[in-house]
Structure formats: C-alpha cells, structure tokens
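The structure presented is a predicted model; accordingly, all values stated were derived computationally and were not measured. The chains referred to below are lettered A, B, ... by the order of the sequence lines, with proteins before strands, and numbering in each begins at 1.
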Amino acid sequence: SAVISQKPSRDICQRGTSLTIQCQVDSQVTMMFWYRQQPGQSLTLIATANQGSEATYESGFVIDKFPISRPNLTFSTLTVSNMSPEDSSIYLCSVVTGGTDTQYFGPGTRLTVL
Amino acid sequence: EDQVTQSPEALRLQEGESSSLNCSYTVSGLRGLFWYRQDPGKGPEFLFTLYSAGEEKEKERLKATLTKKESFLHITAPKPEDSATYLCAAYTGGFKTIFGAGTRLFVKA
C-alpha cells in the first residue's frame with residue numbers, strides 16, 4: 001500500500017476564508033479521491049481528482065466551492081472556499097494503486113470553521 | 001438505490017467477550033466488500049477485501065465473512081486496543097464505493 005500524507009493535519013479558520021489541503025503520496029497511483037466526514041457520520045465522496053484535467057464532482061458538490069488540482073500522479077490539493085461553520089469536517093484523500101480496487105486513506109485534515 | 005447499512009451503531013463489550021458486527025448491503029453488482037478500522041481523528045485503515053460469497057479473511061482477533069446480502073466482522077476475545085469505529089464499504093466497479101455509517105466498538109478492560 002502507498003504512504004499518504006496530508007497537510008495541514010488540522011486548522012481553525014474564520015468564516016468567509018479559504019483553506020487548501022494538500023495530499024502527497026510516496027508512489028504513483030491510479031486514482032485519487034477526496035472525501036468529507038462530518039462529525040459522527042460516514043464518508044461522503046466529494047470528487048475524483050483527475051491528473052491533468054478537471055475533477056469529477058459528485059452530486060451536491062461544485063467546483064467553485066471545492067476546487068481541486070492534480071498536477072501529477074502523486075499530488076493533489078483540495079480547496080474549501082468561502083467557508084462556513086457547516087464546512088467543519090474531516091477531509092480525507094484516498095488513493096487506489098495499480099492492480100487493486102482497494103482505497104487507502106490519508107490521515108485526514110480536521111477543519112473547524114468559526 | 002445502492003445502500004450499505006451497519007449494525008449495531010455502537011457496541012460495548014468487556015475484554016474477552018466475543019461478538020459480531022453486521023454490514024448488510026443492497027447494491028447492483030457487488031465487486032468487492034471492504035472493511036476498515038478508524039480511530040478517532042484519523043483516516044480509515046484498510047483491514048480486508050472480500051470478493052465472493054463464502055469467502056473469509058482473518059487478521060489477529062478479526063475475521064470477516066461474506067454472504068450474498070451481508071458481511072460480518074467477528075471479533076474474538078477483544079482487547080481494549082480493538083476499540084475503534086469499523087466501517088464497511090461496498091465496491092460496485094468504476095471506483096464507486098458506498099460506505100456504511102460504521103459501528104463504534106468500545107472494549108472495556
């Protein structure tokens with residue numbers, strides 16, 4: 001399995017501001033995903049980060065609110081824009097490596113919006 | 001609509017008291033069933049993948065089984081360090097994965 005790191009691990013932000021979360025993998029991966037996990041709830045897929053092209057967003061999530069970049073096969077960023085307290089969640093990146101269907105998760109970024 | 005339901009929502013056990021967690025799924029075309037362990041404030045840690053009914057996988061005190069409608073995670077003689085949230089997820093292909101809400105397990109010494 002790949003080693004996945006995320007930065008920052010946690011942050012406290014003011015409403016109306018934006019935060020960019022980074023996801024770095026130690027090897028090239030086939031797929032990268034971004035999830036949100038609200039307090040006490042399960043994982044909700046935000047989008048699939050596509051290398052070299054626009055991300056594919058799930059219903060209820062839009063690019064203006066959650067812009068995503070994936071410049072290469074080992075790195076992606078998720079920006080949470082114009083934040084409100086409802087955006088307080090854990091944000092997780094996950095990857096799928098070649099030859100498997102299994103998703104491996106990063107340690108997560110805990111975001112609190114005041 | 002594809003759905004994954006886990007029960008119970010929370011389970012409290014005494015150390016050494018074996019039990020099972022349930023994951024029932026209603027999906028069109030199951031390609032795989034994943035189990036993860038998640039500790040508070042951390043990302044999910046992969047445990048098992050099951051691909052076909054009748055398959056079993058074991059790791060230390062954990063054993064996962066799969067039928068055509070549900071999966072079980074059996075915990076034998078649990079220890080306090082097994083306390084965590086256990087997530088199951090149904091994979092239907094095309095990297096589409098549906099997660100259950102999880103079972104929070106508390107093991108008391």
Side-chain angles (χ1 to χ4, degrees), chain A residues 1-11 21 23-25 29-51 55-59 70 78 88-112, chain B residues 1-10 21-25 27 29-52 55 57 59 64 66 71 73 84-106:
Chain A
S1 64
V3 176
I4 307 165
S5 60
Q6 285 185 233
K7 289 182 182 180
S9 58
R10 58 177 61 221
D11 208 341
I21 302 167
C23 178
Q24 179 74 55
V25 192
V29 296
T30 307
M31 304 290 289
M32 295 182 79
F33 305 93
W34 286 98
Y35 284 84
R36 181 173 74 182
Q37 186 175 32
Q38 295 181 304
Q41 299 193 21
S42 191
L43 283 70
T44 301
L45 180 64
I46 298 171
T48 302
N50 300 309
Q51 193 264 326
T56 304
Y57 290 85
E58 297 298 304
S59 176
R70 189 180 172 192
L78 167 74
S88 297
S89 288
I90 296 174
Y91 290 86
L92 296 152
C93 74
S94 74
V95 304
V96 174
T97 59
T100 78
D101 301 322
T102 303
Q103 289 190 37
Y104 296 93
F105 286 85
T109 296
R110 181 181 293 272
L111 171 62
T112 302
Chain B
E1 182 183 349
D2 294 340
Q3 195 168 5
V4 174
T5 304
Q6 292 188 246
S7 61
E9 290 186 11
L21 282 56
N22 177 265
C23 170
S24 62
Y25 58 90
V27 300
L30 182 76
R31 299 279 296 273
L33 192 292
F34 303 131
W35 281 98
Y36 292 87
R37 168 190 170 130
Q38 186 174 26
D39 293 301
K42 297 188 177 180
E45 174 191 350
F46 172 72
L47 293 173
F48 306 109
T49 306
L50 302 167
Y51 290 104
S52 58
E55 187 175 2
K57 294 268 179 81
K59 180 180 181 179
L66 182 66
S71 177
L73 185 65
T85 296
Y86 290 86
L87 299 169
C88 75
Y91 174 63
T92 59
F95 300 107
K96 181 181 178 184
T97 305
I98 304 107
F99 283 84
T103 293
R104 290 176 293 150
L105 175 65
F106 305 92

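- Residue with the most contacts toward chain A among B:A89, B:A101, B:G32: B:A101 (heavy-atom pairs, distance under 4.5 Å).
- Scanning all heavy atoms of the two residues, the minimum distance from A:D101 to B:F34 falls at O-CZ, 3.5 Å.
- Per-residue counts of heavy-atom pairs under 4.5 Å with chain B were compared for A:I90, A:V96, A:T48; the largest is that of A:V96.
- Counting heavy-atom pairs under 4.5 Å between each of B:G93, B:G102, B:G41 and chain A puts B:G41 at the top.
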Only distances under 3.5 Å count here; give the side-chain donor-acceptor pairs of residues 32-43 of chain A to other protein atoms, sequence neighbours excluded, each with its distance to 0.1 Å.
unit_1	atom_1	unit_2	atom_2	d
A:W34	NE1	A:S76	OG	3.0
A:Y35	OH	A:Q103	OE1	3.0
A:Y35	OH	A:Q103	NE2	3.1
A:Q37	OE1	B:Q38	NE2	2.8
A:Q37	NE2	A:Q41	O	3.1
A:Q37	NE2	B:Q38	OE1	3.0
A:Q38	NE2	A:E86	O	3.4
A:S42	OG	B:G100	O	2.3

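- For residues 38-49 of chain B, every residue pair satisfying the salt bridge (Lys or Arg N to Asp or Glu O under 4.0 Å) rule, not counting sequence neighbours, is listed here: B:R37-B:D39.
- Of the atoms belonging to B:F46, it is side-chain heavy atoms, and not backbone ones, that fall under 4.5 Å from chain A.
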